[in-house]
Asker: 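Take a look at this one; I'll ask things after.
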Amino acid sequence: MKILVPVKKVIDHTVKIRVKTDATGVETQGVKMSINPFDEIAIEEAVRLKERSIAHEVIIVTIGLETHQDILRQALALGADRAILVTAESATMLEEFDSLDIAQILKLIALKETPDLVIMGKQAIDDDCNQTGQMLAALLGWPQATFASQVTIESGIADVAREIDGGIERMAFQMPGVITTDLRLNQPRYASLPNLMKAKQKPIGTMKMSELNYTPRQRIVTQTVFNPPKRQSGQTLSSVSELTQRLFETLSPSS
Amino acid sequence: MKALVIAEIDKHSLKQATFSCLAAAQKLATTVDLMVFAPVDHALHTYDFRGWSNVILVENITCETHLTAEAMTETILSQASTYDSILFPATMFGKNIAPRVAAQLNVGQISDVIDIESSDSFTRPIYAGNALAKVTSSDTVKIITIRTTAFSPIAESGPSSKKLTCPFLMEKWQKRVWVEKREGTQNLRPELSTAKVVVAGGRALGSAENFQLVEKLADIFEGAIGASRAAVDAGYAPNDYQVGQTGKVVAPELYIAIGISGAIQHIAGMKDSRIIVAINNDPDAPICQIADYTFIGDLFKVVPELIHELTTRKRYG
Ligand SMILES: Cc1cc2nc3c(=O)[nH]c(=O)nc-3n(C[C@H](O)[C@H](O)[C@H](O)COP(=O)(O)OP(=O)(O)OC[C@H]3O[C@@H](n4cnc5c(N)ncnc54)[C@H](O)[C@@H]3O)c2cc1C
């Protein structure tokens with residue numbers, strides 16, 4: 001079984017982001033970047049399936065820039081076998097892709113690589129869209145299992161526990177299909193130094209966007225990015241009876 | 001302009017999220033249809049449609065039907081051609097289906113909309129709500145998920161309610177994808193995403209037994225229970241209690257955060273609450289910066305005292 005894991009480079013989750021003064025986006029200059037945390041969980045799940053000999057190959061793909069090689073090396077150090085980098089002509093072009101563009105490009109990669117399973121993050125923590133996995137499944141005509149917190153693979157069937165609004169849903173699909181990961185699927189490992197060294201020998205195939213013959217849509221366009229309204233800071237209370245009083249005030253109909 | 005709203009339901013009712021979506025849809029269209037995936041008889045007898053006209057009930061659904069994203073998408077697509085926009089609540093339910101519908105229509109999708117400026121311009125949070133983006137869409141059909149806390153639900157609109165039907169299209173998918181079972185969290189409390197009061201607990205609670213402190217406090221307010229990711233990961237609370245960037249988004253009248261530090265990912269899910277109360281032993285915890293009332297102290301001392309005072313005051317006025 002072959003698993004394809006799409007990943008995205010995003011501002012690290014520990015960084016406090018700053019909106020650019022010209023309101024075109026968020027400052028990325030000199031800011032720590034990492035693999036999207038949900039994608040790390042996807043890589044981990046794929047690698048575990050390989051370690052249990054359920055999968056024989058784990059392929060990472062990212063749509064990005066030359067400078068995104070680093071996250072691919074990182075993914076390879078975590079145990080993936082090889083990686084594909086699809087480069088956009090420019091950073092601006094990359095920013096203008098919407099989720100459907102990315103899903104369309106991933107579809108072309110999937111048609112080339114013919115994986116049995118795609119495992120990817122449920123959302124990227126930059127645009128918080130939560131769309132690409134579902135879109136990719138639809139474009140390929142495949143079933144999907146989103147927000148997975150447990151995955152079991154047996155005789156061509158993926159059994160998935162999904163985190164839904166009211167609890168857990170257990171569902172299954174006939175492969176091939178797309179799984180998107182939730183936080184509790186696993187705890188990703190750290191790349192060890194020897195594995196980081198070994199990852200340097202692993203192949204990264206690079207192709208230009210233009211080689212794929214796909215014209216981006218650029219239909220959903222970000223016009224401005226701005227700061228949300230700030231909450232006023234409040235009061236520190238010093239006794240439980242004062243706190244009780246405030247709680248009563250908050251909930252009394254006249255407030 | 002014509003819009004279609006996909007209803008979020010449970011066994012007993014159309015959820016509040018549905019009525020918020022209808023309110024949002026009214027900003028986009030003059031005619032708004034509501035599609036309901038439930039057994040027709042059950043829907044007609046049990047659900048309060050608030051007098052909404054133009055309800056589309058999906059036929060041949062029983063309690064045993066596998067309501068998969070794939071089959072629901074096919075069904076929605078079979079009706080999609082006359083609509084300028086299709087709206088879903090931005091809940092796990094809506095997020096599961098909306099992108100699939102969009103991709104099959106070859107249009108983009110706009111997630112978590114908090115404001116509708118015009119039929120093609122929307123505001124949505126990015127970076128866990130630390131920034132807002134105004135986006136425009138030039139797609140012919142707009143597929144949108146609605147941050148339901150940002151739109152007041154529609155009120156009762158009258159007695160009449162036109163009901164149409166359409167078939168559930170599952171043949172293509174039923175051998176390829178199926179639901180085995182749903183393990184619902186047993187819950188007699190108000191629903192987390194629409195409750196007036198939410199009492200939430202974090203890592204500091206330390207165990208599932210201690211988490212009952214949070215439950216007891218919630219009981220007094222007849223409120224819902226929330227949790228941080230750390231509390232859920234540690235098994236103190238079920239997954240559907242998680243509030244935050246990747247959990248539920250709530251905006252109650254009162255949010256009490258107990259032993260929660262207020263990481264950006266948590267704040268993303270509750271910062272639009274009207275009054276925020278933080279109980280924490282660390283005055284520098286980020287939650288204290290956004291709280292209206294902060295109480296610095298050991299939760300294991302403060303919360304029992306608070307429960308005691310509240311019950312006494314409630315009893316004796
Ligand atoms: C991709 C990603 C997505 C995430 N999504 C979410 C999400 O949706 N929701 C979410 O909540 N988190 C999310 N997180 C996790 C988030 O970053 C924090 O790790 C988490 O919210 C911390 O939970 P906590 O506040 O309970 O724990 P901690 O940060 O450990 O805070 C515990 C707090 O309790 C206080 N405390 C300790 N003992 C006591 C005591 N005896 N009395 C009173 N106070 C005490 C401490 O001072 C501290 O402030 C996400 C993280 C990532 C990377």
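Convention: sequence-line order gives letters A, B, ...; per-chain numbering from 1.
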Asker: So, for B:Asn106 and A:Gln104, which heavy atoms are closest and what is the spacing to 0.1 Å?
Answerer: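 Residues B:Asn106 and A:Gln104, closest heavy atoms: OD1-NE2, 3.3 Å.
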
Asker: Specify which of A:Gly234, A:Gly133, A:Pro229 makes the most heavy-atom pairs with chain B at under 4.5 Å.
Answerer: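 Looking at each option in turn, the highest pair count goes to A:Gly234.
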
Asker: What residue in B:Lys95, B:Lys271, B:Gln245 has the most heavy-atom pairs under 4.5 Å with chain A?
Answerer: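 Highest number of pairs under 4.5 Å: B:Gln245.
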
Asker: Is chain B contacted by the side chain of A:Arg162, its backbone, both, or neither, given a heavy-atom distance below 4.5 Å?
Answerer: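 Only the side chain of A:Arg162 comes within 4.5 Å of chain B.
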
Asker: Side chains of B:Gln109 and A:Asp98: is there a donor and an acceptor less than 3.5 Å apart?
Answerer: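 Side-chain D/A pair, B:Gln109 to A:Asp98: absent.
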
Asker: Between A:Val240, A:Val225, A:Asp127, A:Thr236, which has the largest tally of heavy atom pairs under 4.5 Å with chain B?
Answerer: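 Of the options given, most contacts go to A:Val240.
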
Asker: Non-hydrogen atoms of chain A under 4.5 Å away: do they reach the side chain of B:Phe221, the backbone, both or neither?
Answerer: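 Just the side chain, heavy atoms under 4.5 Å.
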
Asker: Please rank B:Gln104, B:Lys196, B:Lys175, B:Arg229 by heavy-atom pairs under 4.5 Å with chain A and give me the top one.
Answerer: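 Ranked by contacts with chain A, first place is B:Arg229.
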
Asker: Would you check if there is a donor-acceptor pair between the side chains of A:Gln131 and B:Ser111 at a distance under 3.5 Å?
Answerer: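 A pair is found: one side chain offers a donor N or O, the other an acceptor, under 3.5 Å apart.
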
Asker: Got B:Leu254 and A:Leu251 here, is their nearest side-chain heavy-atom distance under 4.5 Å?
Answerer: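 Yes, side chains in contact.
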
Asker: Is there a side-chain contact between B:Asp292 and A:Gln232 (heavy atoms, below 4.5 Å)?
Answerer: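 No, too far: nothing below the 4.5 Å cut-off.
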
Asker: What option among B:Val135, B:Val177, B:Thr136 has the most heavy-atom pairs under 4.5 Å with chain A?
Answerer: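 Option with the top pair count is B:Thr136.
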
Asker: Evaluate the side-chain proximity of B:Val232 to A:Arg184: yes if any heavy-atom separation is below 4.5 Å, no if none is.
Answerer: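 A:Arg184 reaches B:Val232 side chain to side chain.
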
Asker: Quick one: SG on A:Cys129 to CZ on B:Arg124, what's the gap to the nearest 0.5 Å?
Answerer: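 Reported to 0.5 Å precision, the distance equals 4.0 Å.
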
Asker: Rounded to the nearest 0.5 Å, what separation is found between the CH2 atom of B:Trp178 and the CD atom of A:Gln174?
Answerer: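 If we round to the nearest 0.5 Å, B:Trp178:CH2 and A:Gln174:CD are 5.5 Å apart.
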
Asker: Should we say atom CD of B:Glu222 is surrounded by more than 12 heavy atoms from elsewhere, each under 6.0 Å from it?
Answerer: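 Result for CD/B:Glu222: open.
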
Asker: Counting heavy-atom pairs under 4.5 Å with chain A, which one of B:Ile97, B:Val107, B:Asp272 comes out on top?
Answerer: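 Most heavy-atom pairs under 4.5 Å with chain A: B:Val107.
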
Asker: Other residues, nucleotides and ligands only: do more than 12 of their heavy atoms fall within 6.0 Å of NZ on B:Lys134?
Answerer: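 Atom NZ in B:Lys134 is not packed in, count stays at 12 or less.
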
Asker: Just checking, B:Arg176 and A:Phe173: is the charged tip under 6.0 Å from the six-membered ring centre and within 45° of the axis?
Answerer: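 No; the conditions do not both hold, so B:Arg176 does not lie above the ring face of A:Phe173.
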
Asker: For the atom pair CD1 (A:Ile164) and CG (B:Asn96), what is the distance rounded to the nearest 0.5 Å?
Answerer: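 Rounded to the nearest 0.5 Å, the CD1-CG separation comes to 9.5 Å.
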
Asker: Looking only at non-hydrogen atoms, find the nearest pair between A:Ile17 and B:Ala131 and report the distance.
Answerer: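 So the minimum-distance heavy-atom pair works out to CD1-CB, 4.1 Å.
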
Asker: What is the distance from atom CD of A:Glu163 to atom OG1 of B:Thr246, rounded to the nearest 0.5 Å?
Answerer: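 Rounded to the nearest 0.5 Å, the CD-OG1 separation comes to 9.0 Å.
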
Asker: Of the backbone (N, CA, C, O) and the side chain (C-beta and beyond), which part of A:Ser239 lies under 4.5 Å from a heavy atom of chain B, both, or neither?
Answerer: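 Backbone only.
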
Asker: Between B:Thr294, B:Leu310, B:Leu306, which is the residue that forms a side chain to side chain contact (heavy atoms under 4.5 Å, CB included) with A:Leu243?
Answerer: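 Among B:Thr294, B:Leu310, B:Leu306, the one that satisfies the side chain to side chain contact (heavy atoms under 4.5 Å, CB included) with A:Leu243 is B:Leu306.
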
Asker: For A:Ala103, is it the side chain, the backbone, both or neither that has a heavy atom under 4.5 Å from a heavy atom of chain B?
Answerer: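 Answer is neither: A:Ala103 stays 4.5 Å or more from chain B.
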
Asker: Taking the side chain as everything from C-beta on, heavy atoms only, tell me whether B:Tyr293 gets closer than 4.5 Å to A:Thr250.
Answerer: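 B:Tyr293 reaches A:Thr250 side chain to side chain.
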
Asker: Would you say that B:Glu180 contacts A:Asp159 through its side chain, given a criterion of any heavy-atom pair below 4.5 Å between the two side chains?
Answerer: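 When only atoms from C-beta onward are counted, A:Asp159 and B:Glu180 do touch, with a gap below 4.5 Å.
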
Asker: Among the options B:Thr68, B:Ile276, B:Val302, pick out the one with the most heavy-atom pairs lying under 4.5 Å from chain A.
Answerer: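 Most heavy-atom pairs under 4.5 Å with chain A: B:Ile276.
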
Asker: Evaluate side-chain contact (heavy atoms from CB on, under 4.5 Å) for A:Gln144 paired with B:Glu70, printing each intermediate quantity in order.
Answerer: CA-CA 8 Å; A:Gln144 68 186 46; B:Glu70 292 78 0; 3.4 Å; yes

Asker: Taking the side chain as everything from C-beta on, heavy atoms only, tell me whether A:Lys230 gets closer than 4.5 Å to B:Ile290.
Answerer: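 A:Lys230 does not reach B:Ile290 side chain to side chain.
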
Asker: Pick one of side chain, backbone, both or neither for B:Glu8, based on which atoms fall under 4.5 Å of a heavy atom in chain A.
Answerer: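 The side chain, not the backbone.
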
Asker: If you measure only the distance, is there a donor-acceptor pair under 3.5 Å linking the side chains of A:Arg231 and B:Gln289?
Answerer: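 There is no such pair (donor and acceptor under 3.5 Å, judged by atom type) between the side chains of A:Arg231 and B:Gln289.
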
Asker: Give, as side chain, backbone, both or neither, the part of A:Val15 having an atom under 4.5 angstrom from any heavy atom of chain B.
Answerer: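 For A:Val15, the backbone is the part near chain B, not the side chain.
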
Asker: I'd like to know which of A:Val19, A:Asp128, A:Asp165 tops the heavy-atom pair count under 4.5 Å against chain B.
Answerer: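 With the most close heavy-atom pairs to chain B, the winner is A:Asp165.
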
Asker: Quick one: what part of A:Phe147 sits under 4.5 Å from any heavy atom of chain B, side chain, backbone, both or neither?
Answerer: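 The side chain, not the backbone.
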
Asker: If you count heavy-atom pairs under 4.5 Å with chain B, which of A:Asn130, A:Val10, A:Leu136 comes out on top?
Answerer: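 Winner by heavy-atom pair count: A:Asn130.
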
Asker: Check each atom of A:Glu242 against the heavy atoms of chain B and say whether the ones under 4.5 Å are side chain, backbone, both or neither.
Answerer: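 For A:Glu242, there is no contact with chain B at all, as no heavy atom is under 4.5 Å.
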
Asker: Could you tell me if the side chain of B:Tyr127 sits less than 4.5 Å from the side chain of A:Ile11, heavy atoms only?
Answerer: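 A:Ile11 vs B:Tyr127: side chains touch.
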
Asker: In terms of heavy-atom proximity below 4.5 Å to chain A, should B:Thr123 be classed as side chain, backbone, both, or neither?
Answerer: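 B:Thr123 touches chain A through side-chain heavy atoms alone.
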
Asker: In Å and rounded to the nearest 0.5 Å, what is the CG to CD1 distance from B:Asp240 to A:Ile168?
Answerer: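 The CG atom of B:Asp240 sits 8.0 Å away from the CD1 atom of A:Ile168.
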
Asker: Between B:Asp139 and chain A, which part of the residue has a heavy atom less than 4.5 Å away: side chain, backbone, both or neither?
Answerer: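 Backbone plus side chain of B:Asp139, per the 4.5 Å heavy-atom cut-off to chain A.
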
Asker: Going by heavy atoms in the side chains, are B:Ile256 and A:Leu247 under 4.5 Å from each other?
Answerer: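 Result yes, sub-4.5 Å side-chain heavy-atom pair found.
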
Asker: Could you tell me which of A:Val160, A:Thr180, A:Asn227, A:Val26 has the largest number of non-hydrogen atom pairs under 4.5 Å with chain B?
Answerer: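 The residue among A:Val160, A:Thr180, A:Asn227, A:Val26 with the greatest pair count is A:Val26.
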
Asker: Checking heavy atoms, do the side chain of B:Val197, its backbone, both or neither come under 4.5 Å from chain A?
Answerer: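 Looking at B:Val197, just its side chain touches chain A.
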
Asker: Chain B: which of A:Glu169, A:Gln134, A:Arg170 shares the most heavy-atom pairs with it under 4.5 Å?
Answerer: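 Option with the greatest count: A:Arg170.
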
Asker: Hey, is NZ on B:Lys301 packed in by over 12 heavy atoms from elsewhere, all under 6.0 Å?
Answerer: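 Result for NZ/B:Lys301: open.
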
Asker: Side chain, backbone, both or neither: which part of A:Thr132 has a non-hydrogen atom closer than 4.5 Å to chain B?
Answerer: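 Neither the backbone nor the side chain of A:Thr132 comes within 4.5 Å of chain B.
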
Asker: Which one, B:Leu132, B:Ile126, B:Val179, leads in non-hydrogen pairs under 4.5 Å with chain A?
Answerer: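 Of B:Leu132, B:Ile126, B:Val179, B:Leu132 has the most heavy-atom pairs under 4.5 Å with chain A.
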
Asker: In Å and rounded to the nearest 0.5 Å, what is the OG to CD distance from A:Ser241 to B:Glu305?
Answerer: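 Interatomic distance, A:Ser241 OG to B:Glu305 CD, rounded to 0.5 Å: 9.5 Å.
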
